Colleague: 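Take a look at the following structure, please.
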Amino acid sequence: MKLLFSITKRRLMLTSPAYSLTLSATSGRDECLNSAIQACQIASFKGPIPKLGIII
């Protein structure tokens with residue numbers, strides 16, 4: 001199973017060999033809402049979730 005979150009596309013994608021799902025999603029607060037700039041990514045409790053893919 002693979003779970004990906006795209007900050008700029010505002011999408012949460014889940015894929016497995018048998019199933020695929022895409023949902024609208026947001027992350028971050030205030031001026032950092034859905035912002036992938038470096039300053040927002042290092043802002044604790046304000047920036048979006050980190051850019052990475054998680055394989056389960």
Side-chain angles (χ1 to χ4, degrees):
M1 187 181 314
K2 189 174 184 180
L3 181 64
L4 293 172
F5 176 66
S6 173
I7 297 167
T8 53
K9 292 180 182 177
R10 300 179 187 178
R11 296 280 185 244
L12 178 64
M13 295 156 277
L14 171 72
T15 56
S16 74
Y19 191 74
S20 180
L21 176 69
T22 301
L23 302 168
S24 296
T26 61
S27 183
R29 293 184 184 178
D30 303 326
E31 69 277 358
C32 289
L33 182 65
N34 299 319
S35 179
I37 63 171
Q38 184 72 22
C40 286
Q41 293 213 16
I42 61 173
S44 295
F45 301 103
K46 199 171 202 178
I49 61 172
K51 290 166 69 172
L52 55 88
I54 300 169
I55 299 175
I56 301 171

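What you see is a predicted model, and the numbers here were worked out from it, not measured in a lab.
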Colleague: Measure the spacing between CG of L14 and OG of S20 and express it to the nearest 0.5 Å.
Modeller: 7.5 Å
Colleague: Quick one: CD1 on I7 to CG on N34, what's the gap to the nearest 0.5 Å?
Modeller: 8.0 Å
Colleague: Looking at residues at least two apart in the chain, or sitting in another chain, which of them share a side-chain contact (heavy atoms from CB on, under 4.5 Å) with A25?
Modeller: F5, L12
Colleague: Kindly indicate whether the side chain of T15, heavy atoms from C-beta on, has any atom under 4.5 Å from the side chain of M1.
Modeller: no
Colleague: Hey, could you give me each pair passing disulfide (SG to SG under 2.5 Å) that has a residue in residues 7-38? Not counting sequence neighbours.
Modeller: C32-C40
Colleague: Identify, with sequence neighbours excluded, every residue that meets side-chain contact (heavy atoms from CB on, under 4.5 Å) alongside Y19.
Modeller: S16, L21
Colleague: Could you note down all residue pairs passing salt bridge (Lys or Arg N to Asp or Glu O under 4.0 Å) where residues 5-29 supplies at least one of them, sequence neighbours left out?
Modeller: none
Colleague: Side chains of K2 and M13: does their closest heavy-atom pair fall under 4.5 Å?
Modeller: no
